[in-house]
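Structure record follows, encoded as structure tokens.
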Amino acid sequence: METMTINGEEYVRKADMPAAYEESEHVCAICTNGWIFEGRGRCDASGDLLLSDAHVVRSWTNGLGIGGIADPEHFADYVLDAIGSLRVYSRAVISVISIRDLA
């Protein structure tokens with residue numbers, strides 16, 4: 001994989017990223033201590049959830065609860081704060097909800 005260096009940081013073209021990154025499922029992860037994350041997720045070999053293009057689900061006022069985030073018609077009702085990529089350790093994951101994307 002070819003890389004380039006900009007201001008001392010090494011980068012890879014998105015087109016050169018492994019297919020697993022692009023094919024990750026859109027999920028909402030409910031975690032310990034009240035944290036709720038949304039992003040493109042996949043599990044690594046240790047069982048940890050890796051999320052890319054992730055957000056913290058901060059709030060919602062639609063009366064549907066967190067499960068409503070799975071419905072593309074209501075996804076925009078949720079207030080999300082971008083956080084990039086993160087690793088959620090398997091012991092911290094309570095539940096994972098698949099989010100249906102707009103077709």
Tightest non-hydrogen contact, residues Ser52 and Ser85, listed as CA-OG, 3.7 Å
Residue set satisfying side-chain hydrogen bond (donor to acceptor under 3.5 Å, both in side chains) with Asp71, at least two apart, ordered chain then number -> none
Applied to residues 54-65, the salt bridge (Lys or Arg N to Asp or Glu O under 4.0 Å) test, sequence neighbours excluded, yields Arg58-Asp81
hydrophobic_cluster_shared for Leu49 and Leu86, side chain cutoff 4.5 Å: yes
Output a table of donor-acceptor pairs, distance under 3.5 Å, between side-chain atoms of residues 88-96 and any protein atom two or more places apart or on a different chain; print 'none' if there are none.
none

Note: with side-chain heavy atoms under 4.5 Å as the link, the other cluster members for Leu50 come out as none
Excluding Val79, membership of its hydrophobic cluster (Ile, Leu, Val, Met, Phe, Trp, Tyr; side-chain heavy atoms within less than 4.5 Å) reads none
side-chain contact (heavy atoms from CB on, under 4.5 Å) filter on Asp77, not counting sequence neighbours, yields Asn62, His74
Exercise for the section: For the pair Asp48 and Arg87, find out whether any cationic side-chain nitrogen is under 4.0 Å from an anionic carboxylate oxygen. Expected result: yes
N/O donor-acceptor pairs under 3.5 Å from side chains in residues 27-39, not counting sequence neighbours:
unit_1	atom_1	unit_2	atom_2	d
Glu38	OE1	His55	ND1	2.7
Glu38	OE2	His26	NE2	2.5

In this structure, SG of Cys43 is separated from CD of Glu25 (nearest 0.5 Å) by 10.0 Å
Ser59 meets the side-chain hydrogen bond (donor to acceptor under 3.5 Å, both in side chains) criterion, sequence neighbours left out, with none
Tightest non-hydrogen contact, residues Phe75 and Ile99, listed as CE1-CD1, 4.0 Å
Heavy-atom nearest pair, Leu51 first then Ala54, reads CB-CB, 3.9 Å
message = Are the side chains of Leu80 and Val56 in contact, using a 4.5 Å heavy-atom criterion?
response = no
What one should report as the nearest heavy-atom pair of Leu64 and Tyr78 is CB-OH, 4.0 Å
